[in-house]
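Remarks on the structure that follows.
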Amino acid sequence: MGLDMFLNGEKYFWSNDSDKTIKEDVLDGKSKELRVGYWRKHPDRHGFIVNEFANGEDNCQRIDLDTGDIEKIIKAVKEKTLPHTTGFFFGSSDWWDTEENLSLTIKQLEGALAWMSTEEKGVSRSVFYKASW
């Protein structure tokens with residue numbers, strides 16, 4: 001048991017590329033979920049995401065993130081301003097503070113940004129965070 005943290009991307013396939021509003025006649029009803037990031041036991045990053053983007057509500061729910069949100073997470077990681085966060089089964093964030101682990105985290109988050117901005121005809125993309133413990 002412990003804190004598992006997932007950053008997932010979702011591709012939505014549209015039957016009409018010119019109108020991407022959510023309407024049953026336009027949305028093809030198909031989507032595909034992909035893993036774009038994963039971390040284990042980084043409670044400080046988890047606390048930042050929950051506090052900033054879920055109003056502090058921590059129920060392992062899906063937390064949708066836009067590009068600005070991901071950029072905000074990257075900035076907090078780079079500036080080492082993540083709030084100290086504790087929880088049962090969370091473990092400690094101390095071991096994440098090595099340059100190698102920080103670099104890996106930033107690489108995964110920047111990869112999510114690149115994935116979101118990839119243009120593909122008839123497809124919309126979104127990213128969400130979800131934790132499990």
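What you see is a predicted model; the values in this text were computed from it and never measured.
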Contact summary for [X] and [Y], nearest pair of heavy atoms:
X     : Y      : answer
Lys11 : Val123 : CE-CG1, 3.9 Å
Val36 : Gly9   : CG2-N, 4.0 Å
Gly47 : Pro83  : C-CG, 4.3 Å
Gln61 : Ala54  : NE2-CB, 3.5 Å
Cys60 : Ser132 : SG-CA, 4.0 Å
Ala76 : Leu82  : CB-CD2, 3.7 Å

With Lys75 via salt bridge (charged side-chain N to carboxylate O under 4.0 Å, His left out) - residues at least two apart: none
Within 6.0 Å of CG in Asn55, more than 12 heavy atoms from elsewhere: no
Positive for side chain to side chain donor-acceptor pair (under 3.5 Å) with His46, one of Thr85, Asp4, Asp58: Asp58
Option among Arg62, Arg125, Lys32 that satisfies the salt bridge (charged side-chain N to carboxylate O under 4.0 Å, His left out) test with Glu10: Arg62
Inter-residue atom distance [X].[atom1] - [Y].[atom2], 0.5 Å rounding:
X      : Y      : atom1 : atom2 : result
Lys41  : Trp133 : NZ    : CH2   : 13.5 Å
Asp66  : Lys72  : CG    : NZ    : 10.5 Å
Leu102 : Lys107 : CG    : NZ    : 14.5 Å
Asp69  : Glu52  : CG    : CD    : 9.0 Å
Phe6   : Phe128 : CZ    : CZ    : 10.5 Å
Tyr129 : Ile73  : OH    : CD1   : 9.0 Å

Test item: Ser103 side-chain N/O and Glu99 main-chain N/O as donor-acceptor pair under 3.5 Å: no
With the side chain counted from C-beta on, respond yes when [X] and [Y] share a heavy-atom pair under 4.5 Å apart, and no when they do not.
X     : Y     : answer
Leu3  : Pro43 : yes
Trp39 : Leu7  : yes
Ile74 : Ile70 : yes

Side chain to side chain donor-acceptor pair (under 3.5 Å) between Asn59 and Glu57, worked out: CA-CA 6 Å; Asn59 292 316; Glu57 184 179 330; 3.1 Å; yes
Pair Lys130 + Glu33, salt bridge at N-O below 4.0 Å: no
By side-chain hydrogen bond (donor to acceptor under 3.5 Å, both in side chains) - contacts of Asn51 (at least two apart): none
ILVMFWY cluster, Leu65 and Trp115 together (side-chain gap under 4.5 Å): yes
